[in-house]
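Below, chains carry the letters A, B, ... as their sequence lines are ordered, and counting in each starts from 1.
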Amino acid sequence: MAVKRKIIKERVPTPERPVEERVKSFVEVNLGYTFELAVKEAERCLQCPYDYAPCIKGCPVHINIPGFISKLVQYRDDPHRAVKEALNVIWACNSLPATTGRVCPQEDQCEMNCVMGKVGDKINIGKLERFVADYARENGIEDELLFEIVPKIEKKGQSVAIIGAGPAGLTAAGELARLGYDVTIYEALHEPGGVLMYGIPEFRLPKDIVESEIAKLKRLGVRILTDHIVGRTVTVEELLQEYDAVFIGSGAGTPRLINAPGINLNGIYTANEFLTRVNLMKAYLFPEYDTPVKVGKRVVVIGAGNTAMDAARSARRFGAEVIIAYRRGEDDVSAREEEVEHAKEEGVKFEFFVNPVEFIGDEKGNLKAVKFERMRPIEERDKRGKRKIVGTGEYVTIEADTVIIAIGKHPNRLIINTPGLKVERGRIVVDENLMTSIPGVFAGGDAIRGEATVILAMGDGRRAAKAIHEYLTRKREENA
Amino acid sequence: MYKILEKKEVAMRNVWYKVHAPHVARKVQPGQFVIVRAFKNGERIPLTPIMWDREEGWITLMTFIRGKTTMRMANELKVGDELLNVAGPLGNPAEMKKLGRVLAIGAYTGIVEVYPIARAWQEIGNDVTTLHVTFEPMVVMKEDFEKAVGRHIVEPVPMDMTKDMRENMKNVTKRLTEKVRELLETEHFDFVFMVGPTGDQKAVFQVVKEFGIPMEADLHPIMVDGTGMCGSCRVTVGGEVKFACIDGPGFDAYKVAWDELIARTGYYTDMEMLAMQEYMKALQGGEQ
Ligand SMILES: Cc1cc2nc3c(=O)[nH]c(=O)nc-3n(C[C@H](O)[C@H](O)[C@H](O)COP(=O)(O)OP(=O)(O)OC[C@H]3O[C@@H](n4cnc5c(N)ncnc54)[C@H](O)[C@@H]3O)c2cc1C
Ligand SMILES: Cc1cc2nc3c(=O)[nH]c(=O)nc-3n(C[C@H](O)[C@H](O)[C@H](O)COP(=O)(O)OP(=O)(O)OC[C@H]3O[C@@H](n4cnc5c(N)ncnc54)[C@H](O)[C@@H]3O)c2cc1C
Ligand code: SF4
Ligand code: FES
C-alpha cells in the first residue's frame, strides 16, 4: 500500500519546562510528547525499508526503528494498540526504552543517519522511543505485555548470577529470565540501577522510571540482592560453585583523580561522590534527607562529558555560579548535544583550553581557587582523532569554593582483583562471546569498555545473555 | 531485611544492637565494617561488627550517639524493627600476624572496634594489652575485654558539668596521651594499634613516634558507598591518595597526613549541627 507522503521538514518539538523554573528544581526538564504530537512526528518518518534504513544501522542494538514508528501511525485511532505494538517491536531489542529514550546520544547514532536530515530535520527518534515507553508504563500496557510473556517462560533449571545492577546487568538479567533461567543479581549499593540511579540526575532521568524498569525484572522472576559486594560479601569463585554461569556488569565506578597538589582539600568532590550524594541520597532535600552536600557560591566542574554536564546542572540547581573548565576545545566536548544546550540555557559558563595544575586552599583546608595552565591545540591528532593539546606556560587562577572532578572512571577494583581474571589497563578482557578468562564467567558494559554508554552496556548485556544461553544449553546437553 | 534482634543502651550514649545480617556474619573478619542505612531518608553510615555468629547469622553493632543518624537509631528503632540496609562486610581484614606485645588503644566508643582485632591477635599468640580511655559513664565491654585479652586497662575521665563538652574532651585527650606515655616508658611494646577520633589518634601517634614503635590506626574518614566508588573517604598516605574503604581502614600511622584527615572529617560539622537541631525541634514538637 504505497501512500504518497508529504514531506514535513520541521520536527514536532517536545515541550520543555521553562528555564527559570527548572534551575530551581530537580523535576524533569523535557516533558515528552503527547500521543497526538507523537503521531505527528511519526508521520514525518519516510519508512525506509528494513534492510536499508540507516537509522537501524546507527543504533547499537539495532532497534527496528521504522517498524515501531509505523505502528503509531498505523493504529492512530487506537492509542492503546498503537503503543502496545510499538513497544513489542522495541522490546525485541531493548528492554529499557524509557531510559535509552532519555539518555542515548541519538544525534550520534540513529538520528545521525536519518535520511530526513537531507531535506529537513531528522526524525526525533529518541523522543518517540521515550513516548512509547512512558505511555505504555502509565497506561498499563507494559503490564499487559508482561502478563502475556511471563506464563510462556519455560524454566530451564539452571541458574545465573549477575554482578551489578546497572544497564548491562539488568539487561542480561531480563533476557536470561525470559529464556527461563533462574537469575540473581548481586548489587553493592542499596538501590539497583547503577549509574541510572546514582549518577544521572532526576531532572534528566526520573528515578521512578528506573524503579519501574526494575519492578519489571522482578515480575520476570529476577531476584535482586542489594548490599552484596562481590569480592567482599561473596567471591566470584563462590558464585561459580552456586550458579551455572556468572555475568559481570560491575561498571566503571572508581573515579579518576587529578594528580595535582591540594586534591584532598575540602570542597573538592569527584563527580561520583557529588552526584551520589545528590541523586541517590537526595542531598538536595537536606535536612529532610539526612545526607549533606556542600555547594559553594562558585563551582568549577572539570571535564566536559555527560558526567560534567550533570554535575554542573545539578550545582546550578543549588543556586551556584558554575563554570565548566575543559582542557580541550568546544569541538571535543563529548556530552550529548541536548545536555550541552540545556546547560548553556541554564547559565553554565564554559572555559576551554585550561588544565588544572594546583588546588589552592585556606588555612582550614578548604578550597579557595584552582590554578590552571592555558592549553593550545596542535595539528597532530591522538588515537581517537582528537587534536592534541600542549601547555602554553601561561597560567590562570579561578576562584572557587567547590570543584567537581569529572574526568573519567576506572572499573571497580574489588572485581578486577578476582584471581584468574584477565584484566588489561583496568578493564576485564573478554573473547568474542564476552566470556572472560574464567570459563563460565562473562562480562560486559563499562567493566570491559571503560566508560561508555547505556545502550552499549545494554547491547553487551543482550549479547552476553545469548552467549550464556548457548553455553548453558551445551552444558545441559552434556549432562543429559 | 535486617531485623533488630536485641537492643540496649549499655552505657551513656552507647547503644548496642544485635542484628540479623547473615550475608555479613558469614564472611566478616576483624577489622572490617558494614555500611548501615537505617531509614528511608537516612544517611549511609559505616559501623563495625563487634561480635558475630556465622551459623545463626547475626552481628552486633555499637553506636556512639553523635549526631542525627545515631540519635535517630537510638530513638526510633525498636527490637523487631528492621534496618533498611546493612552492606558488607567492607574494608580489608586486619592482618593476622605475630606482633609480640601489642598495645591496642580505644578512645570513647573506638574501643569496641578494637575488640574483634585485639581478641584475634591475642588468640594467635600475641600478648595484647588494651587501653580504654573515655568519660566515666561511657565505659563499655569491660568484662568482654578482660576475658579476651591479656590485660585490659580502663582509664575513666570524670565529666565536669561546669565546663562545656569541648573542654571535657580535652581532658580525655590529655589522659589518653599521658597514659600512653606512661605505658611506653615503663613497659616494652612491639606494636601499637588505635581506634578513636582522628584528633586523638594523631595525639597518640605523636607520643608513639617518640618511642619509634610501629603503629597502625583504623581511619574514620567520611564515607558514602564504602565500595571505592565515590572517593569521599580519600586520605593521603605516604604521599599517595588512598581510599580508606577499599585500601584500609587500617593504615601505617607514620604515613598518614593527619591534619588533612582532621580537616576532611570536620567538613560537614555545620550541616550536621543543623540537622541535629531540626531533629531535636521536631522531637520536641512531637511530644507536645
Ligand atoms: C553522571 C553520568 C552521566 C551519564 N550520562 C550518560 C548519558 O546521558 N547517556 C549514556 O548513554 N551514557 C551516560 N553515561 C554512561 C553510562 O551511564 C554508563 O556507560 C552505563 O551506566 C554503564 O553501565 P554498566 O551496567 O556497565 O555499569 P554501571 O551503570 O556503572 O552499573 C554497575 C553496577 O555494578 C555495581 N557494582 C560495582 N561493583 C560491584 C561489586 N563488586 N559487587 C556488586 N555490585 C557491584 C555498582 O554499584 C553499579 O550498580 C553517564 C555516566 C555518568 C557517570
Ligand atoms: C570504618 C568505620 C567504622 C566505624 N565504626 C563505628 C562504630 O562501630 N561505632 C560508631 O559509633 N561509629 C563508628 N564509625 C563512625 C560513624 O560512622 C559515625 O559516628 C556516624 O557516621 C555518625 O553519624 P551521625 O549522623 O550520628 O553523626 P553526624 O552528625 O552526621 O556526624 C558526626 C561526625 O561523625 C563523622 N561522620 C559523619 N558521617 C559520617 C560518615 N558517613 N562516615 C564516617 N564518618 C561520618 C564525622 O566526623 C562527623 O563530624 C565508624 C566510621 C568508619 C569510617
Ligand atoms: S532513517 Fe529516518 S526516515 Fe528513515 S526510517 Fe529511520 S527514522 Fe525514518
Ligand atoms: S566511601 Fe566511597 S570511595 Fe570510599
S.K.: Taking atom types as modelled, is there a side-chain donor on B:Thr227 or B:Asp225 under 3.5 Å from an acceptor on the other?
M.R.: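 Judged by distance alone, the side chains do pair up.
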S.K.: With a 4.5 angstrom heavy-atom cut-off, which part of A:Leu265 approaches chain B: side chain, backbone, both or neither?
M.R.: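 A:Leu265 touches chain B through backbone heavy atoms alone.
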S.K.: Name the region of B:Arg234, side chain, backbone, both or neither, that has any atom closer than 4.5 Å to a heavy atom of chain A.
M.R.: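 Interface part for B:Arg234: both.
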S.K.: Might you point out which heavy atoms bring B:Met229 and A:Pro255 nearest each other, and give the distance in Å?
M.R.: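 Minimum heavy-atom contact is O-CD, 3.2 Å.
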S.K.: Taking only heavy atoms into account, what residues of residues 187-194 of chain A are found under 4.5 Å from chain B?
M.R.: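 Against chain B, the residues of residues 187-194 of chain A that fall inside the cut-off (heavy atoms, under 4.5 Å) are A:Ala188, A:Leu189, A:His190.
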S.K.: Between B:Met1 and B:Leu84, does a side chain to side chain contact (heavy atoms under 4.5 Å, CB included) hold up when you go through it step by step?
M.R.: CA-CA 6 Å; B:Met1 276 165 282; B:Leu84 287 183; 3.9 Å; yes
S.K.: Given that the side chain runs from C-beta out, which part of A:Phe274 has a heavy atom under 4.5 Å from chain B: side chain, backbone, both or neither?
M.R.: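 Neither part.
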S.K.: Given the options A:Pro292, A:Pro287, A:Gly365, which has more heavy-atom pairs under 4.5 Å with chain B than any of the others?
M.R.: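 Highest number of heavy-atom pairs under 4.5 Å: A:Pro292.
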S.K.: Assess the pair B:Tyr2 and B:His23: is the distance between their ring centroids shorter than 6.0 Å?
M.R.: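 B:Tyr2 vs B:His23: aromatic centres under 6.0 Å.
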S.K.: How about B:Glu6 and B:Tyr17: do any of their side-chain heavy atoms sit closer than 4.5 Å?
M.R.: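 A side-chain contact under 4.5 Å is absent here.
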S.K.: Between B:Val204 and B:Thr173, is the side chain to side chain contact (heavy atoms under 4.5 Å, CB included) condition met? List the steps.
M.R.: CA-CA 8 Å; B:Val204 167; B:Thr173 311; over 6 Å; no
S.K.: I'd like to know which of A:Glu288, A:Lys364, A:Lys282, A:His228 tops the heavy-atom pair count under 4.5 Å against chain B.
M.R.: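 Ranked by contacts with chain B, first place is A:His228.
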S.K.: Under a 4.5 Å cutoff for heavy-atom pairs, which residue among B:Asp259, B:Asp270, B:Val34 has the most contacts with chain A?
M.R.: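 Option with the greatest count: B:Asp270.
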S.K.: Could you have a look at B:Glu278, B:Lys68, B:Gln32 and say which one has the most heavy-atom pairs with chain A under 4.5 angstrom?
M.R.: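 Ranked by contacts with chain A, first place is B:Lys68.
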S.K.: Measure A:Thr276 against the heavy atoms of chain B and call it side chain, backbone, both or neither at under 4.5 Å.
M.R.: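 For A:Thr276, the contact with chain B is made by the side chain alone.
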S.K.: Taking only residues two or more places apart in sequence, or in another chain, which ones meet B:Glu9 in a salt bridge (Lys or Arg N to Asp or Glu O under 4.0 Å)?
M.R.: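 Checked B:Glu9 against salt bridge (Lys or Arg N to Asp or Glu O under 4.0 Å); zero matches.
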S.K.: Tell me, side chain or backbone of B:Gln29 under 4.5 Å from chain A's heavy atoms, or both, or neither?
M.R.: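 For B:Gln29, there is no contact with chain A at all, as no heavy atom is under 4.5 Å.
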S.K.: Select one option (side chain, backbone, both, neither) describing which atoms of B:Arg72 are under 4.5 Å from chain A's heavy atoms.
M.R.: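 The answer is the side chain of B:Arg72.
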S.K.: Do B:Val114 and B:Phe193 come within less than 4.5 Å of each other through their side chains, counting heavy atoms only?
M.R.: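 Heavy-atom side-chain distance check passes, below 4.5 Å.
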S.K.: Would you find more than 12 non-hydrogen atoms of other residues, nucleotides or ligands less than 6.0 Å from B:Glu167 atom CD?
M.R.: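 Counting other residues, nucleotides and ligands, CD of B:Glu167 exceeds 12 neighbours.
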S.K.: Side-chain donor-acceptor pair under 3.5 Å between B:Thr109 and B:Asn14, yes or no?
M.R.: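 Indeed, the side chains of B:Thr109 and B:Asn14 share at least one donor-acceptor pair under 3.5 Å.
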S.K.: Nearest 0.5 Å please: distance from the CH2 atom of B:Trp16 over to the OG1 atom of B:Thr63.
M.R.: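 So the CH2 of B:Trp16 and the OG1 of B:Thr63 are separated by 12.0 Å.
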S.K.: Surrounding CG of A:Asn259 (heavy atoms of other residues, nucleotides or ligands, distance under 6.0 Å), is the total greater than 12?
M.R.: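 For A:Asn259, atom CG is not crowded (no more than 12 foreign heavy atoms under 6.0 Å).
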S.K.: Please classify the contact between B:Val235 and chain A as side chain, backbone, both or neither, with a heavy-atom cut-off of under 4.5 Å.
M.R.: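 It is the backbone, since no side chain atom gets that close.
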S.K.: Can we say A:Lys207 and A:Glu211 salt-bridge, meaning some charged N sits less than 4.0 Å from an Asp/Glu carboxylate O?
M.R.: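 Looking at A:Lys207 and A:Glu211, the cut-off is not met.
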S.K.: Based on non-hydrogen pairs under 4.5 Å, which of B:Asn41, B:Val24, B:Thr69 is most in contact with chain A?
M.R.: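 Between B:Asn41, B:Val24, B:Thr69, the count favours B:Asn41.
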S.K.: Tell me, side chain or backbone of B:Cys233 under 4.5 Å from chain A's heavy atoms, or both, or neither?
M.R.: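 Neither part, no heavy atoms under 4.5 Å.
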S.K.: Of the listed residues (A:Leu414, A:Ile405, A:Val234, A:Val293), which shares the most heavy-atom pairs with chain B below a 4.5 Å separation?
M.R.: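 Looking at each option in turn, the highest pair count goes to A:Val293.
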S.K.: Taking side chain as everything from C-beta outward and backbone as N, CA, C, O, which of these in A:Asn266 sits under 4.5 Å from a heavy atom of chain B? Side chain, backbone, both or neither.
M.R.: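 For A:Asn266, the contact with chain B is made by backbone and side chain together.
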S.K.: Go through the atoms of B:Leu274 and report whether side chain, backbone, both or neither lie under 4.5 Å from a heavy atom of chain A.
M.R.: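 Contact with chain A is through the side chain of B:Leu274 alone.
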S.K.: Side chains of B:Thr236 and B:Glu260: donor-acceptor distance under 3.5 Å anywhere?
M.R.: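 B:Thr236 vs B:Glu260: donor-acceptor pair found between side chains.
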S.K.: Give, as side chain, backbone, both or neither, the part of A:Thr235 having an atom under 4.5 angstrom from any heavy atom of chain B.
M.R.: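 Both backbone and side chain of A:Thr235 come within 4.5 Å of chain B.
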S.K.: Given that the side chain runs from C-beta out, which part of A:Leu280 has a heavy atom under 4.5 Å from chain B: side chain, backbone, both or neither?
M.R.: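 Nothing of A:Leu280, per the 4.5 Å heavy-atom cut-off to chain B.
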S.K.: Non-hydrogen atoms of chain B under 4.5 Å away: do they reach the side chain of A:Asn366, the backbone, both or neither?
M.R.: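 For A:Asn366, the side chain is the part near chain B, not the backbone.
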S.K.: Just by distance, with hydrogens left out, do B:His20 and B:Glu56 show a side-chain donor and acceptor under 3.5 Å apart?
M.R.: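 Looking only at side-chain atoms, B:Glu56 and B:His20 do not form any donor-acceptor pair under 3.5 Å.
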S.K.: Less than 6.0 angstrom separating the ring centers of A:Tyr284 and A:Tyr289, yes or no?
M.R.: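 No, the ring centres sit 6.0 Å or more apart.
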S.K.: Non-hydrogen atoms of chain A under 4.5 Å away: do they reach the side chain of B:Val224, the backbone, both or neither?
M.R.: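 Side chain only.
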S.K.: Under 4.5 Å, counting heavy-atom pairs only, tell me which of A:Leu225, A:Leu285, A:Thr254, A:Ile229 racks up the most with chain B.
M.R.: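 Heavy-atom pairs under 4.5 Å are most numerous for A:Ile229.
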